[in-house]
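A quick note: this is a predicted structure, and the numbers were derived from the prediction, not measured. The figures that follow rest on heavy atoms only: side chains count, while hydrogens, waters and symmetry mates do not. Letters A, B, ... mirror the listed sequences (proteins, then strands); counts begin at 1.
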Amino acid sequence: MGVDISELVYREQVSLKGYENRVMAVDAFNILYQFLSSVRQADGTPLMDSRGRVTSHLSGCFYRNINLLENGIRPVYVFDGKPSRLKANTIRERMEVKEKAREELEIAREKGDLERIRSLSARVTHLTRDMVEDVKQLLTALGIPYIQAPSEGEGQASYMCRTGQAYGVISQDYDCLLFGASRVFRNFTTGGRRKVPGRNIYVPVSPELLILEETLSRNGISYDQLIDIGIMVGTDFNTGLARVGAKTALKLVKKYGNIEAVLKERGEVIENLEEIKDIFRKQNVIETPPITFGKPDAEQIKRILCDDHDFDPARVDPYITLAREKMSRNTQTSLDGF
DNA sequence: CTCGGTAA
DNA sequence: TTACCGAGG
């Protein structure tokens with residue numbers, strides 16, 4: 001998924017504390033896919049309401065936002081728009097992988113292999129229009145703004161970070177660095193551990209902050225060279241060079257200066273090279289999207305979660321109260337600042 | 001994923 | 001307090 005340059009990226013372990021009143025651009029599709037694949041029962045079934053509609057995304061979105069708000073963070077969700085034509089291959093490959101997983105899931109169900117059923121169920125998840133709509137409504141009810149990106153959500157979120165409209169981007173993907181995001185937060189959650197798939201063991205997971213400038217300076221490369229490295233390794237918009245990982249790509253770029261020189265030296269070609277670079281450098285974005293925070297609307301939240309999707313009010317209510325208090329306090333302090 | 005009761 | 005684990009919808 002995305003570009004794998006993790007070996008080259010400078011990162012720091014952080015916590016959710018210490019980012020009060022910071023605007024964070026959330027890569028919405030990225031986080032929603034996480035919820036869809038992870039918020040499940042032991043047998044792989046997602047959470048559903050009484051009408052059989054999936055609610056995993058709503059559950060994840062609600063609790064995650066409560067946590068962010070509780071820590072004084074101001075999230076802005078950024079949704080994907082129309083993908084670049086160069087992403088067609090990646091999209092088709094993902095569909096094929098899902099189709100294969102669907103077939104394997106049938107077999108696993110027949111065998112009753114629970115662990116396998118669970119991991120395959122996570123892989124076949126698909127984000128529907130309705131789910132996206134559900135989340136947008138919930139965000140509005142929570143007073144959290146969202147932006148519809150013209151094209152790549154990561155590109156829009158990264159642009160907002162690069163231009164200081166957001167402090168950082170919340171995403172699992174390293175692509176954001178190629179899009180120029182100065183700070184990327186991964187695993188930005190409260191949960192301290194994650195289950196290893198297929199094994200009954202857990203590994204500690206804590207939020208980490210990826211820093212673009214440090215990544216560039218410590219590797220002795222420019223931003224353009226980082227993009228070159230990403231393209232050599234492979235992105236959503238191109239297949240990388242055979243047997244070239246992040247470390248090799250770094251060596252090659254440092255030796256020859258840029259990707260064009262590397263390709264010439266090796267007698268290789270990458271189709272649409274300039275267009276791919278432009279996707280990262282000259283993003284198709286809304287330059288100054290409106291960002292307005294509101295107060296959580298208890299009635300709307302309860303209508304969406306409890307009335308429409310069977311959430312237990314006893315579980316929802318206390319968090320609405322918490323969010324409302326927190327949001328009004330934040331509004332107060334930001335007003336005091338002026 | 002996240003919550004919350006229970007065990008250590 | 002912290003770790004674990006079943007349930008949430």
Integer-rounded Å distance: [N] [atom2] and [X] [atom1]:
{"X": "A:I66", "N": "B:dC1", "atom1": "CD1", "atom2": "C1'", "result": "14 Å"}
{"X": "A:L114", "N": "C:dG6", "atom1": "CG", "atom2": "P", "result": "13 Å"}
{"X": "A:D317", "N": "B:dG4", "atom1": "CG", "atom2": "P", "result": "12 Å"}
{"X": "A:R40", "N": "C:dC5", "atom1": "CZ", "atom2": "P", "result": "22 Å"}
{"X": "A:L305", "N": "B:dT2", "atom1": "CG", "atom2": "P", "result": "16 Å"}
{"X": "A:H57", "N": "B:dC1", "atom1": "NE2", "atom2": "P", "result": "18 Å"}
{"X": "A:Y33", "N": "B:dC1", "atom1": "OH", "atom2": "P", "result": "18 Å"}
{"X": "A:I304", "N": "C:dG9", "atom1": "CD1", "atom2": "C1'", "result": "16 Å"}

**Prompt:** Can the ring centres of A:F185 and A:Y19 be said to be less than 6.0 Å apart?
**Reply:**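 So the answer is yes for these two rings.
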**Request:** Taking only the side-chain nitrogens and oxygens of A:T189, find out if one of them lies under 4.0 Å from OP1 or OP2 of B:dT2.
**Result:**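 Answer yes for this pair, as a side-chain N or O of A:T189 is under 4.0 Å from OP1 or OP2.
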Please tell me which of the listed nucleotides, [options], lies nearest to the side chain of [X]?
{"X": "A:N67", "options": "B:dC1, C:dG9, B:dC3", "value": "B:dC3"}
{"X": "A:V39", "options": "C:dG9, B:dT2, B:dC1", "value": "B:dC1"}
{"X": "A:Y319", "options": "C:dG9, C:dG8, B:dG4", "value": "B:dG4"}
{"X": "A:L47", "options": "B:dC3, B:dC1, C:dG9", "value": "C:dG9"}

**Request:** Determine, for A:F179 and A:R162, whether the Lys NZ or Arg CZ falls below 6.0 Å from the six-membered ring centre while staying within 45 degrees of the axis.
**Result:** no
**Request:** Would you kindly confirm whether A:L209 and A:I5 end up in one hydrophobic cluster when ILVMFWY residues are joined by side chain heavy atoms under 4.5 Å apart?
**Result:** no
**Request:** Scan A:R64 against the nucleic acid and name what it touches under 4.0 Å (heavy atoms): base, sugar-phosphate only, or nothing.
**Result:**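 Counting heavy atoms under 4.0 Å across all strands, the contact made by A:R64 is with sugar-phosphate only.
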**Request:** In plain terms, say whether A:E70 and A:K17 are close enough for a salt bridge, that is, a side-chain N and a carboxylate O under 4.0 Å apart.
**Result:** no
**Message:** Between A:D228 and A:K254, does any side-chain N to carboxylate O distance fall below 4.0 Å?
**Reply:** no
